[in-house]
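Counting convention: from 1, in listed order, for ligands and their atoms alike.
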Amino acid sequence: MMQRFDVLIVGAGSSGSAIAARVSENTGLTVCLVEAGPDYPRLEELPWDLVNSHDNSYRDHDWGFTYEPTAGRSVAFPRGRVVGGSSAVNTTIALRGMPEDYDEWAAAGNPEWSWTGVLPAFCRLERDLDFGDADWHGDAGPITIRRYPRDELTAPQAAFLDAADTLGYPYCADANEPWGYGAGPHPMNKLGRLRISCAIGYLAPARLRPNLTIRADTHVNRLVIRDGRCTGVEIADVAGEVSVLEARLVVLAAGALQTPPVLMRSGIGPGGQLAAHGIDVISPLPGVGANLCDHPALSVVCHARKGVDIDHDAPIIQTILRYTADGSDKRNDLQIEQISFAGRRGSPPSFAIAAVLEYQYGRGELLLASADPRAAPIVRNRFCEDPRDLSRLVACYKDTLAFAAVSPLADLVEAVTFPDAARGHDDATLETLCRNLAASGYHPCGTAKMGPREDALAVVDQYGRCHGMDGLVVADASIMPSVPRANTNLTCIMIGEKVGEWLRTRPALYGL
Ligand SMILES: Cc1cc2nc3c(=O)[nH]c(=O)nc-3n(C[C@H](O)[C@H](O)[C@H](O)COP(=O)(O)OP(=O)(O)OC[C@H]3O[C@@H](n4cnc5c(N)ncnc54)[C@H](O)[C@@H]3O)c2cc1C
């Protein structure tokens with residue numbers, strides 16, 4: 001018998017899990033959450049790579065994608081493939097964007113997403129153990145957040161904060177304070193080692209609800225579209241058996257690298273590209289796969305002095321510096337992060353300091369490789385092609401090199417192994433390095449952006465409703481018009497909170 005749900009969500013990641021949990025609070029709606037990866041409903045059965053937030057999980061629950069950060073280079077692009085999505089494999093940095101990021105989204109024709117519009121959702125999603133009583137924080141949400149106190153920092157992390165002080169950066173106790181700036185502990189969604197993923201925070205309490213079905217190990221091949229309306233999804237189970245799930249509303253939350261391919265395989269996207277793969281164009285939307293944004297980054301790598309404890313089992317990141325490039329009108333458009341260990345276990349003990357560009361002007365693109373539902377997308381980030389991005393990443397990289405040269409961080413350094421000092425650290429050399437080697441901060445977004453219908457590249461409206469297609473909503477990292485000046489997990493959860501809340505409280509907005 002064909003199964004039919006009120007709401008069917010594709011992808012149990014950061015956004016999809018939050019949406020499923022919020023919508024299923026409305027007992028009048030039946031909800032199905034479909035996920036390609038496996039599900040681990042019991043905490044005691046959670047594999048170690050998903051428990052251990054001290055490092056990312058790169059292999060056991062990954063899609064195996066690659067990307068081209070800068071021209072001519074192909075490297076691995078990790079994405080979580082499991083209930084919890086990328087929130088289940090990530091570093092657990094729980095940072096919000098700058099208020100101006102969301103006001104910029106609002107100014108682009110999405111007034112619901114202004115800072116004052118998103119702040120209640122940011123507060124609702126968190127249980128901040130350090131600042132929960134502040135006006136801009138929450139203390140009762142599903143995602144627990146805390147900061148490492150000084151006595152829990154690894155030696156390189158503590159030295160990083162002291163070096164920041166020496167270099168004149170102010171101390172910032174709460175990096176999520178809306179007007180904050182400077183160096184301090186990272187807000188992180190972990191408790192001890194345990195990664196508080198969206199599977200744990202949102203789905204563990206929701207999965208008992210009789211109106212919520214979680215269907216793992218189920219790959220969505222494409223949307224089913226009849227007479228201009230999305231009526232369900234075509235799925236394949238682990239054995240390759242293909243069937244259809246019907247729904248009154250489909251919410252696509254497969255992430256910034258997977259939502260566009262699902263749309264394109266279903267006939268929604270740039271006409272020429274679809275035709276080239278023999279796909280009938282049902283709704284020509286040129287913005288699908290365009291507008292790819294991210295955070296280009298490049299690290300300084302240091303060989304540690306003898307006796308310095310470089311522990312590959314310690315937390316990989318604990319601290320952060322948010323600051324503004326000289327002459328920039330984008331507040332906190334740069335980030336420097338101390339990485340506790342670098343290289344493989346057994347290689348000479350090393351740590352790294354990462355320079356990250358947080359406000360990106362340039363854009364990349366995502367292309368369909370083939371009509372085959374299992375084919376990986378082609379991802380071209382085109383990092384540092386915009387001169388404004390290049391000059392600010394170079395400036396940030398120079399500031400990062402200064403950290404390795406100042407006490408007490410310098411006291412831990414035997415030698416800077418990258419960049420090679422013999423080649424010099426002049427602007428031209430650093431520009432070449434950034435242009436050739438900048439890599440992703442693992443924050444792709446913007447590939448099905450929201451905006452009004454008049455915006456030629458907008459794919460959905462500000463409520464996530466797909467332009468020109470009834471019964472279809474997109475709600476994940478893809479809908480961000482631009483990357484916020486922060487690691488993206490919290491913003492993806494915020495998107496899930498907002499769309500989930502609209503679905504729960506105003507179903508008529510979505511034709512339910
Ligand atoms: C290694 C790593 C480290 C990171 N570290 C941080 C960090 O510390 N802090 C931070 O803020 N951000 C971090 N990020 C980024 C952050 O985790 C993501 O931006 C965020 O999780 C994306 O949320 P999403 O809902 O858009 O997509 P995802 O969470 O990726 O969810 C998409 C889900 O859809 C499923 N799916 C995809 N295609 C299909 C299909 N065809 N059928 C069925 N299911 C499908 C996927 O398996 C996945 O579960 C990191 C990301 C990675 C990969």
Side-chain angles (χ1 to χ4, degrees), residues 8-20 33-39 49 53 55-59 61-63 65 76-97 143 145 186-190 195 197-199 202-203 214-223 233-237 245 251-263 265-266 293-295 315-317 320 337 373-377 440-448 474-480 483-484 486-496 499:
L8 186 148
I9 302 151
V10 180
S14 305
S15 304
S17 300
I19 296 168
L33 178 60
V34 182
E35 166 58 43
D39 189 16
D49 62 306
S53 62
D55 199 358
N56 298 318
S57 163
Y58 289 115
R59 272 194 318 271
H61 297 91
D62 186 61
W63 282 86
F65 293 157
F77 206 165
R79 291 289 94 190
R81 186 177 181 280
V82 60
V83 169
S86 298
S87 82
V89 301
N90 74 13
T91 325
T92 68
I93 291 164
L95 201 62
R96 298 171 180 175
I143 302 296
I145 294 174
H186 242 317
M188 303 190 84
N189 52 303
K190 63 197 290 190
R195 183 182 283 113
S197 71
C198 289
Y202 278 94
L203 295 180
I214 299 175
R215 197 167 162 151
D217 297 312
T218 304
H219 186 96
V220 171
N221 288 344
R222 56 180 62 81
L223 308 169
V233 294
E234 180 192 290
I235 54 168
D237 64 17
L245 292 175
V251 180
L252 194 47
L257 301 188
Q258 306 253 60
T259 280
V262 173
L263 288 169
R265 290 197 298 268
S266 314
C293 331
D294 201 334
H295 293 137
I316 187 166
I317 291 184
I320 182 180
E337 284 176 326
R374 301 285 172 155
S440 168
Y442 299 156
H443 302 145
C445 56
T447 48
V474 180
D476 59 18
S478 332
I479 71 166
M480 301 183 198
V483 67
N487 311 50
T488 39
N489 192 35
L490 234 49
T491 297
C492 292
I493 303 174
M494 178 276 286
I495 288 172
V499 174

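- Near Ser87, meaning under 4.0 Å from any of its heavy atoms, are these atoms of ligand 1: 21 (O).
- Taking every non-hydrogen atom of Gly85 and a distance limit under 4.0 Å, the qualifying atoms of ligand 1 come out as 29 (O), 48 (C), 49 (O).
- Between Tyr58 and Val89 there is no side-chain heavy-atom pair separated by less than 4.5 Å.
- In summary, the atoms of ligand 1 found under 4.0 Å from a heavy atom of His219, numbered by their order in the structure, are 41 (N), 42 (N).
- Using a 30° and 60° split on the angle between ring planes, His443 and His295 fall in the perpendicular class, above 60°.
- Distances below 4.0 Å separate heavy atoms of Cys492 from the following atoms of ligand 1: 19 (O), 20 (C), 22 (C), 23 (O), 26 (O).
- The closest heavy-atom contact to atom 38 (N) of ligand 1, among the options Arg79, Gln258, Lys190, His61, comes from Gln258.
- Around atom 35 (C) of ligand 1, the closest heavy atom drawn from Glu337, His186, Glu35, Arg222 belongs to Glu35.
- Here atom 48 (C) of ligand 1 lies nearest to Gly80 when heavy atoms of Gly255, Gly80, Gly11 are compared.
- Between the side chains of Asp49 and Ser57, a donor-acceptor pair is found at a separation under 3.5 Å.
- Short contacts between ligand 1 and Ser15, defined as distances under 4.0 Å to a heavy atom of the residue, involve ligand atoms 25 (O).
- An N or O contact shorter than 3.5 Å is missing between Ala94 and ligand 1 by distance.
- For a threshold of 3.5 Å applied to N or O pairs, the pair formed by Asp476 and ligand 1 contains no separation below that value.
- By the 4.0 Å heavy-atom criterion, Ile495 is excluded from the residues contacting ligand 1.
- When each of Ile143, Asn90, Ile93, Thr91 is checked for a side-chain contact (heavy atoms from CB on, under 4.5 Å) with Asn489, only Asn90 meets the rule.
- At a 3.5 angstrom cut-off on N or O pairs, Arg81 does not count as close to ligand 1.
- Among protein heavy atoms, the minimum distance from atom 17 (O) of ligand 1 is reached at Asn90 ND2, 3.1 Å.
- For atom 11 (O) of ligand 1, the choice among Asn489, Ile317, Ile493 with the nearest heavy atom turns out to be Asn489.
- Short contacts between ligand 1 and Ala253, defined as distances under 4.0 Å to a heavy atom of the residue, involve ligand atoms 32 (C), 33 (C), 34 (O).
- Taking all atoms of both residues into account, the shortest heavy-atom contact from Phe65 to Gln258 is CZ-OE1, 3.3 Å.
- Taking distance alone, with nitrogen or oxygen atoms compared against 3.5 Å, Arg265 stays at or beyond that limit from ligand 1.
- Here the protein heavy atom with the shortest distance to atom 43 (C) of ligand 1 is Ala36 N, 3.3 Å.
- The shortest contact between atom 18 (C) of ligand 1 and any protein heavy atom is with Thr488 OG1, 3.9 Å.
- Considering backbone and side-chain N/O atoms, Tyr58 never comes within less than 3.5 Å of an N/O atom of ligand 1.
- For atom 41 (N) of ligand 1, the closest non-hydrogen atom on the protein side is Val220 O, 3.1 Å.
- For ligand 1, the atoms sitting less than 4.0 Å from at least one non-hydrogen atom of Ser86 are 17 (O), 21 (O), 28 (P), 29 (O), 30 (O), numbered in the order shown with element in parentheses.
- Under the 4.0 angstrom criterion for non-hydrogen atoms, Asn221 is not in contact with ligand 1.
- Between Ser440, Pro484, Cys445, Ala477, it is Ala477 that holds the heavy atom closest to atom 26 (O) of ligand 1.
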